[in-house]
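Comments concern the structure below.
Whatever order the structure lists them in is the order used to number ligands and atoms, beginning at 1. Position 1 is the first residue of the sequence, and the numbers go up from there.
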Amino acid sequence: MERLSNANAKRLPGDVRVPGDRPQTSGVLHLGAGAFHRAHQAVYTDDTDWGITVAAPRSRGVIDALAAQDGLFTVATLGPEGASMRVVGAIVDTLHIATERERALDLIAADTTHVITLTITEKAYRDPNGIPGLLAAGIARRAARSGPPLTVLCCDNLPDNGKTTRDAVEPLFDPMTREWAETNLAFPSSMVDRIVPASTPATYERALLELGVTDLAAVEAEPFTQWVIEDDFAGPRPDWKATYTNDVAGWERLKLRTLNGVHSTLAYLGALADVETVSDTLALPGAENFARWLIGEQIAPSFTPPDGQDTHAYGESVLERFRNPAIRHRCLQIAMDGSQKLPQRLFATIADLAQADPAGNTVDLDLIALPVAAWTRFCAGRSDAGAELPLDDPLKDVIRQSLAAAGTNPAARIDAILGIRQVVPEPVADNHQLRRAAAKWLRELDRHGAATTLEHL
Ligand code: CS2
């Protein structure tokens, strides 16, 4: 079967949007070749005259597919009313970090590279031998050559993600690099948002059907897209049509606690209820009302949203996006890496609520204890119908050992999970009201299952 290419992109069906003149060089180096990058930053860059070199840390599948297609790939935008197809031309080169480390370091150091963007998942920032080490070595090479300024822009779902990146990279600098970095290196924060499920065979089938040629790097995404970037670049940047602000932290908090917090909550409850996707979970009796209460009564009071934003209205728009039946976002995809995601999505919310009212007089933590119980039950590895649930998490061993030591008693299992200090902050772990409520919900989930628990809330 013919693959998508520069040559055949010119004769695709008329309703497929195709790139105009493609950029010759890449001012952006992107690390992490996942679907989210292709449907988010690559699309924003496609609307500028900049190009991207996309680098995959380990698995070559995506970059090999891109290389076989002149870097072209399709984004299918799936709304409730149907699909629209766009071929993106922003990716002009690919790189495999595991086998081309020298080339990766040279590219980080190159005068032509102005911005490095990252989607490497939450856990990757904790591994100094991984991407942080690569960045530090490449930046050292740039500094040694007295190269031009560089911006490293994190696009992962972490709070204060610019600082998180800086904290992962800077300690690895030698003194000379540190001095260069003081005036030549910036780590702005950014809030990224677009729901992009992992591509499946159905994604490639759709692309073939709509294009008439094969695209093995195709992705699908919801219509909504947002990018809020801290306006702190060390050198030039593409003219991305993003929102530039000095209060990214407020936007990150709003998105992580509301969108991602509810996403993870639904993912654990859905997985327990043997439901495949988020939209199907939201359709369970009681689920949408629960999500709405959770946002209104627990998430919204935990922080002040950025100027002009209302958490309730934002939450309604999030629920509408989650309802989109064309997006088949699997609960198990969102459920992975809970120990890396829940601190900013769930435990930060609980910590702020608990700290606002240490005596537990006015703030009721009952509703937000349900996702804590759902994650605890999920970690044990069995759905309500007895199906195996994979625990794909870097702290898998710690979690499983803690749960095994706790036995079957719900209160003991909650204590075990809340006792994992790398994940749960003290004000949450020490909160008796939360522990009691979570143990109560875990008992309900054990006895009746997630679907019935939601229905009877
Ligand atoms: C999801 C996110 O997989 C997950 O954990 O919650 O990827 C979510 O779809 C995006 O952050 C939406 O912008």
Side-chain angles (χ1 to χ4, degrees), residues 32-44 75 77-78 117-125 154-159 161 164 189-200 203 219-229 242-243 248 251-271 276-282 291 294-295 299 314-315 317-349 371 374-375 378-379 389-395 423:
F36 182 71
H37 166 67
R38 278 170 282 155
H40 190 272
Q41 303 96 55
V43 175
Y44 280 87
V75 180
T77 299
L78 306 181
T117 48
L118 308 173
T119 53
I120 55 177
T121 78
E122 292 89 344
K123 57 180 175 275
Y125 295 84
C154 178
C155 303
D156 278 298
N157 281 317
L158 288 160
N161 62 3
T164 303
S189 281
S190 87
M191 183 276 250
V192 289
D193 192 7
R194 190 171 194 186
I195 293 175
V196 187
S199 296
T200 66
T203 316
V219 293
E220 50 194 44
E222 64 167 341
F224 182 92
T225 180
Q226 188 176 31
W227 199 1
V228 182
I229 308 176
T243 304
V248 180
W251 283 99
E252 285 178 317
R253 215 173 289 122
L254 176 65
K255 192 231 166 187
L256 285 166
R257 293 189 186 187
T258 315
L259 187 151
N260 296 112
V262 176
H263 226 190
S264 289
T265 299
L266 292 170
Y268 294 120
L269 288 165
E276 196 182 343
T277 65
V278 171
S279 59
D280 289 348
T281 305
L282 206 53
L294 188 67
I295 295 167
I299 297 171
Y314 178 87
S317 70
V318 163
L319 294 181
E320 193 182 329
R321 291 166 59 196
F322 287 176
R323 273 195 297 268
N324 182 349
I327 295 290
R328 311 242 350 122
H329 206 175
R330 292 174 61 244
C331 292
L332 289 181
Q333 187 192 346
I334 300 157
M336 63 185 273
D337 287 350
S339 71
Q340 312 296 299
K341 292 174 174 176
L342 294 180
Q344 54 275 12
R345 295 180 179 204
L346 179 64
F347 295 125
T349 307
W375 184 51
F378 174 88
C379 288
L389 297 172
L391 184 58
D392 193 340
D393 194 299
L395 293 187
V423 181

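- Taking NZ of Lys123 as the reference point, atom CG of Leu158 lies at 11.5 Å (rounded to 0.5 Å).
- Where the criterion is an N or O separation shorter than 3.5 Å, residue side chain and backbone included, Lys341 meets it with respect to ligand 1.
- Evaluated for a side-chain contact (heavy atoms from CB on, under 4.5 Å) with Arg345, the options Thr258, Asn260, Leu259 yield exactly one hit, Asn260.
- Closest to atom 13 (O) of ligand 1, if we only count protein heavy atoms, is Asp193 OD1, 2.6 Å.
- Proximity to His263 (heavy-atom distance under 4.0 Å) selects the following atoms of ligand 1: 1 (C), 6 (O), 8 (C), 9 (O).
- When Leu269, Leu342, Thr265 are each tested for a side-chain contact (heavy atoms from CB on, under 4.5 Å) with Trp375, only one passes: Leu342.
- Taken to the nearest 0.5 Å, the CZ atom of Phe224 stands 6.5 Å off from the OG atom of Ser317.
- In Gln226, the CD atom is crowded: over 12 heavy atoms of neighbouring residues, nucleotides or ligands sit closer than 6.0 Å.
- A heavy-atom separation below 4.0 Å is not found between His40 and ligand 1.
- Annotation for ligand 1: atoms under 4.0 Å from non-hydrogen atoms of Arg345 are 1 (C), 4 (C), 5 (O), 6 (O).
- In this structure, Arg257 CZ and Ile295 CD1 are separated by 14.0 Å, a value rounded to the nearest 0.5 Å.
- Remark: Thr225 OG1 to Tyr44 OH distance equals 3.0 Å, nearest 0.5 Å.
- Residue Asn157 touches ligand 1 through its side chain alone, judged by heavy-atom distances below 4.0 Å.
- For the pair Arg194 and ligand 1, the shortest N or O to N or O distance falls below 3.5 Å.
- Proximity of Glu222 to ligand 1, defined as any heavy-atom pair under 4.0 Å, is not found for any part of the residue.
- For ligand 1, the polar-atom distance check against His329 finds no nitrogen or oxygen pair separated by under 3.5 Å.
- Distance check: Asp156 CG to Lys341 NZ gives 10.5 Å after rounding to the nearest 0.5 Å.
- In this structure, atom 10 (C) of ligand 1 lies nearest to the protein heavy atom Lys255 NZ, 3.7 Å.
- The nearest protein atom to atom 2 (C) of ligand 1, hydrogens excluded, is given as Asn260 ND2, 3.6 Å; this is a heavy-atom distance.
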